Amino acid sequence: MITDARVLQTEFVPSEVVHRHAEVDTIAGALEPLVDDDRPEDALLFGPTGVGKTCVARYTVSRLREQLLDLRTCYVNCWSDRTRFRVLYRLLDAIDRTVDVHRRSTPKDELLDRLREADDHPYVAVLDEADQLEDPSLLYDLSRLPHLTLVVVANRETDLFASLSERTSSRLQSSTRLSFDRYGTDELVAILQGRAEQGLEPGAISDSQLRRIADAAAGDARIAIGTLRSAARTAEREDADAITDAMLTDAIPDARETVRQRAIDQLTDHQRVCYRIVAEAGEIEPGDLYERYRERVDEPRTRRTVRDYLSKLDHYNLVRASGEKRGRTYHAVGRSE
DNA sequence: CGTCCACTGGAAGCCGTGGCGC
DNA sequence: GCGCCACGGCTTCCAGTGGACG
């Protein structure tokens with residue numbers, strides 16, 4: 001059934017990007033001057049999850065590296081490395097300049113200086129989920145390094161710029177900006193066909209089944225590919241030659257659930273309690289929510305902290321906040337959504 | 001209309017932890 | 001071992017704001 005499990009991973013960067021040629025060209029265009037030893041532009045990529053931002057960024061950068069042998073590149077996910085220190089550390093680590101970082105306990109911007117000095121080769125850094133950075137002014141400092149080119153990936157343009165200071169945003173105004181729309185069903189089908197061809201036995205899944213997956217994924221390629229993987233696993237486990245419609249029926253909710261579960265697993269205990277309260281209530285107001293939270297945990301955090309938890313849950317689509325200021329309610333994010 | 005109130009999210013500061021130089 | 005410092009998680013304080021209500 002499965003001939004190549006790698007291509008069924010959502011993180012897999014295909015050798016040819018389906019349906020994002022224009023985007024690839026735009027970013028490649030921004031970076032192109034590097035080939036002639038010229039000054040490239042930074043690139044900003046925006047769009048919701050599962051629309052191929054990360055994929056396009058990584059693909060474009062890796063293709064550029066084929067042309068430019070001495071190009072340095074690094075991919076940083078700012079969700080897992082969200083502090084200034086960690087991002088800088090990653091960027092240095094990728095070029096082997098971290099050797100003695102721990103000695104001489106880092107005076108404020110030792111790491112940045114070090115990165116500045118490592119300018120013997122051009123460097124392209126992909127900063128994924130950049131709106132998660134705790135200290136967004138890092139973007140400003142990085143954008144001022146002449147040999148470093150940024151490819152910044154974030155969800156919403158407005159959110160990212162809201163968190164930036166005046167000088168940072170004006171500095172980034174001039175960069176190449178690109179918004180990604182949700183995939184249409186046909187585009188998702190094409191993506192799935194590519195993955196099925198590379199990863200599954202011929203005839204394992206029909207086009208109409210792929211279309212069904214694409215429909216259910218509502219424009220999100222991560223969900224679509226996850227569904228395909230889940231169905232293929234079931235087929236393999238049951239020793240079937242092909243994926244049946246019944247397997248798909250199971251796989252469709254499964255893929256969303258997996259995405260959600262992975263996010264839930266990353267929460268702390270207190271955050272999880274908050275999530276459960278909203279999930280159980282379906283819809284709840286902040287006051288009640290905090291009361292229940294206080295009853296349920298041993299050493300409750302303050303309201304302010306719980307507010308931070310909730311905005312985090314909102315950000316990861318585990319709950320949805322509607323209304324603002326006084327009129328706010330928190331909703332569970334439904335399974336069928 | 002003005003006033004009160006609930007709620008949000010920024011800012012500053014506290015504190016435990018952990019790595020480092022001495 | 002000691003003092004130092006960065007860091008992250010948290011609290012405290014607060015300005016701002018939309019909705020409810022007299």
Side-chain angles (χ1 to χ4, degrees), chain A residues 76-93 96-116 127-142 154-169 263-278 281-333:
Chain A
V76 183
N77 186 319
C78 304
W79 181 354
S80 33
D81 294 305
R82 60 181 54 186
T83 66
R84 183 185 181 88
F85 180 86
R86 285 209 198 141
V87 172
L88 286 169
Y89 189 89
R90 285 244 174 242
L91 292 176
L92 286 167
D93 197 34
D96 295 324
R97 298 295 177 95
T98 45
V99 218
D100 53 348
V101 148
H102 288 300
R103 260 175 273 159
R104 49 195 301 198
S105 73
T106 45
K108 196 72 172 136
D109 264 334
E110 170 75 18
L111 295 187
L112 186 63
D113 291 342
R114 219 166 258 247
L115 193 57
R116 185 178 294 120
L127 299 184
D128 203 352
E129 317 233 23
D131 39 1
Q132 294 304 305
L133 281 175
E134 263 166 24
D135 174 15
S137 69
L138 175 63
L139 289 180
Y140 176 78
D141 294 326
L142 291 177
N155 274 330
R156 298 212 333 225
E157 181 160 3
T158 48
D159 287 354
L160 182 69
F161 279 100
S163 63
L164 297 179
S165 69
E166 193 59 34
R167 50 175 203 165
T168 314
S169 32
I264 292 172
D265 289 345
Q266 306 217 24
L267 301 175
T268 66
D269 292 346
H270 285 259
Q271 291 164 352
R272 213 170 295 126
V273 168
C274 293
Y275 167 72
R276 294 227 178 91
I277 291 169
V278 179
E283 182 178 330
I284 192 166
E285 281 165 23
D288 293 348
L289 173 48
Y290 186 71
E291 275 313 302
R292 292 196 203 176
Y293 161 78
R294 239 166 39 119
E295 287 164 15
R296 221 182 273 196
V297 297
D298 278 342
E299 291 169 44
R301 306 285 182 257
T302 57
R303 291 188 132 85
R304 183 67 188 85
T305 302
V306 169
R307 254 177 269 147
D308 282 336
Y309 292 166
L310 287 166
S311 64
K312 178 169 176 170
L313 294 178
D314 184 40
H315 210 100
Y316 299 137
N317 272 326
L318 291 170
V319 308
R320 206 175 68 251
S322 66
E324 37 186 46
K325 304 295 167 191
R326 191 181 167 136
R328 178 165 284 197
T329 45
Y330 292 96
H331 305 261
V333 172

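These numbers were taken from a predicted model, which means no experiment stands behind them. Values reported hereafter were calculated over all heavy atoms of this structure, with side chains retained and with hydrogens, waters and symmetry mates removed.
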Please determine whether a side-chain nitrogen or oxygen atom of [X] lies at a distance below 4.0 Å from atom OP1 or OP2 of [N].
X        : N      : result
A:Tyr309 : C:dC10 : yes
A:Tyr89  : B:dG19 : no
A:Arg86  : C:dA6  : no

Could you give the [atom1]-to-[atom2] distance, from [X] to [N], as a whole number of Å?
X        : N      : atom1 : atom2 : answer
A:Tyr293 : B:dC7  : OH    : P     : 17 Å
A:Leu310 : C:dC10 : CG    : P     : 13 Å
A:Tyr290 : B:dC7  : OH    : P     : 12 Å
A:Asp308 : B:dG9  : CG    : P     : 9 Å
A:Leu112 : C:dA6  : CG    : P     : 15 Å
A:His315 : B:dG9  : NE2   : P     : 12 Å

Worksheet entry | Nearest-0.5 Å distance that lies between atom CD1 in A:Ile277 and atom CG in A:Leu310 | 9.0 Å

Kindly give the atom pairs (protein nitrogen or oxygen, nucleotide nitrogen or oxygen) under 3.5 Å for nucleotides 15-22 of chain C.
from   : atom 1 : to       : atom 2 : distance (Å)
C:dG19 : N2     : A:Arg326 : NH1    : 3.3

Discussion item. Once ring pair (Phe, Tyr, Trp, His ring centres under 6.0 Å) is applied, do any residues pair with A:His331, and if so which ones, sequence neighbours excluded?
Written reply: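 Counting only residues at least two positions away or on another chain, A:His331 forms no ring pair (Phe, Tyr, Trp, His ring centres under 6.0 Å).
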
Practice prompt. Could you list the residues that satisfy ring pair (Phe, Tyr, Trp, His ring centres under 6.0 Å) with A:Tyr309, not counting sequence neighbours?
Written response: none

Practice prompt. Keeping to residues at least two apart or across chains, list the salt bridge (Lys or Arg N to Asp or Glu O under 4.0 Å) pairs with something in residues 307-319 of chain A.
Written response: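 Qualifying pairs: A:Arg304-A:Asp308.
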
Among residues at least two apart in sequence or on other chains, which ones pass salt bridge (Lys or Arg N to Asp or Glu O under 4.0 Å) with [X]?
X        : answer
A:Arg326 : none
A:Asp269 : A:Arg272
A:Arg116 : A:Asp113

Response to the item:
Sorted by chain and residue number, the side-chain contact (heavy atoms from CB on, under 4.5 Å) partners of A:Arg86 (sequence neighbours excluded) come out as A:Asp81, A:Thr83

Practice prompt. With the side chain counted from C-beta on, respond yes when A:Leu142 and A:Leu88 share a heavy-atom pair under 4.5 Å apart, and no when they do not.
Written response: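 Touching, per the 4.5 Å side-chain cut-off.
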
Discussion item. So A:Gly287, base contact, sugar-phosphate only, or nothing? Heavy-atom distance under 4.0 Å.
Written reply: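 Here A:Gly287 touches the backbone only, sparing every base.
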
Item to complete: Indicate, with a heavy-atom threshold strictly under 4.0 Å, whether A:Tyr330 touches base, sugar-phosphate, or nothing.
Response: sugar-phosphate

Item to complete: Using heavy atoms and a sub-4.0 Å distance, could you list which residues of residues 297-307 of chain A are near DNA chain B? By number, please.
Response: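 Output list: A:Arg304, A:Arg307.
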
